[in-house]
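These numbers come from the heavy atoms of this one structure, side chains and all, not from hydrogens, waters or symmetry mates. Atoms within a ligand are numbered from 1 in the order they appear, just like the ligands themselves.
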Amino acid sequence: MKLKIAVLPGDGIGPEIVAQALEVTKAICKKFGHELICKEALVGACAIDAAGNPYPDETHSLCMESDAVLFGAIGSPKYDNNPSAKVRPEQGLLAMRKQLGLFANIRPVTTFPSLIHKSPLRADLVEGADFMCIRELTGGLYFGRPQGRSEDGQTAYDTCVYTVEEIERIVRLAYSYALKRRKKLTIVDKANILATSRLWREVGQKLAKEYPEVETEYLFVDNAAMQIVQWPKHFDVMVTENMFGDILTDEASVITGSLGMLPSASIGVHTSVFEPIHGSYPQAAGKDIANPLATILSAALMFEYAFGLQAEAEAIRKAVDASLAEKIVTEDIAAGGKAYKTSEVGKWITEYIGA
Ligand code: IPM
Ligand code: MG
């Protein structure tokens, strides 16, 4: 197969972790006989510096003409500490999600036997946890308008907006995943307070009738936040709005043992994007210490979702499992053992695949 990939390393640790995921991707293509064509483009703070725009038109064109996008991370302390900056790196990520129509962000939460002890949660709670959080990605507070400040600067506002159509398409997608898994769907909202959440629940209740084989459950987001750590094995597929999904998936990453382990796939109308759920970790940038596994596992999702190549995805996961079992890991999961460099972990996995 001919695989055309847009590579968007972004900021902070982005370039280092994407470089490793790319090496892994090349090794897989070599092993399975695929032709790989990849082109790099700018996004985030580095794109603001170079082009004054966090998601330049050339980057968008490259994404549109590619079969998949491999994305690193964006964000820079320069902007985090300057709330009055007019252009922000995160706008690049949001523009990309909106322009590519990436309405669904799929974040699988699984455990790795050799990392069970790394979770701050009790091993018996975590062992065997396996769920999928489907986060709506192009609506809600992230995109609702008006957003801004009053003229006197004393008031600020964001707007949460959802249409029936937006909710239906994501909930249907969630049902399609639930049908392929353990047939259980949890719809997370705050319907006791928010009008948008009441619409989510209304749409959920209507669709639930169309999927009688799936057990549908509704949870308020505060309760869901508690149950994720209290009883992670309770969940199979969870679907929720943009902001709740952002927060709950960072929380869910502690089940895995490190934020550096969770991959994601953003899918929708145009080219799909594969990215770790963590941010740009600027304190570690350039130090070759960041965990590349979330990005490498995102490459696995890319083979699976964008190209329908299951064996290739499995080969990556198997190599990652092997690296964990052999304790070839970065400092965040080394737990007192030897901490390997980002590039050493990537090289070990690449060689394992090639062997
Ligand atoms: C994520 C990130 C982004 C988000 C940031 C970097 C804008 O936290 O993908 O979860 O909030 O969506
Ligand atoms: Mg987040």
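Using a non-hydrogen distance threshold of 4.0 Å, His278 does not register as a contact of ligand 1. Within the structure, ligand 1 lacks Arg88 among the residues with a heavy atom less than 4.0 angstrom away.
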Assess whether salt bridge (charged side-chain N to carboxylate O under 4.0 Å, His left out) is satisfied between Lys206 and Glu168, documenting all intermediate values. CA-CA 9 Å; Lys206 189 189 86 185; Glu168 259 202 52; 2.7 Å; yes

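Side-chain contact of Asp236 with Tyr177: a donor-acceptor pair under 3.5 Å is absent, judged by distance alone. Residues Ser76 and Asp11 bring no donor and acceptor atom of their side chains to less than 3.5 Å of each other. One side chain, Asn105 or Ser264, offers a donor N or O that lies under 3.5 Å from an acceptor on the other. A donor-acceptor pair shorter than 3.5 Å can be found between the side chains of Thr249 and Arg107. At a cut-off of 3.5 Å, with distance as the only test, a side-chain donor of Tyr162 or Glu136 sits close to an acceptor on the other residue. Donor-acceptor pairing under 3.5 Å is lacking for the side chains of Asp321 and Ser323. The closest side-chain donor-acceptor pair between Gln99 and His270, if any, does not fall under 3.5 angstrom. Of the N and O atoms on the side chains of Glu217 and His234, at least one donor lies less than 3.5 Å from an acceptor on the other residue.
Around the Mg ion (ligand 2), the protein N, O or S atoms closer than 2.8 Å are Asp246 OD1, listed by chain and residue number.
Scanning the protein heavy atoms around atom 2 (C) of ligand 1, the nearest turns out to be Asp246 OD1, 4.0 Å. With hydrogens left out, the protein atom closest to atom 7 (C) of ligand 1 is Glu90 CG, 3.6 Å, a heavy atom. Nearest protein neighbour of atom 6 (C) of ligand 1, counting heavy atoms only, is Leu93 CD2, 3.9 Å.
Contacts of Arg135 with ligand 1, taken as heavy-atom pairs under 4.0 Å, involve the side chain alone.
Ligand 1 has an N or O atom lying under 3.5 Å from an N or O atom of Tyr142, backbone or side chain.
For ligand 1 and Arg107, the ligand atoms under 4.0 Å from any heavy atom of the residue are 1 (C), 9 (O), 10 (O).
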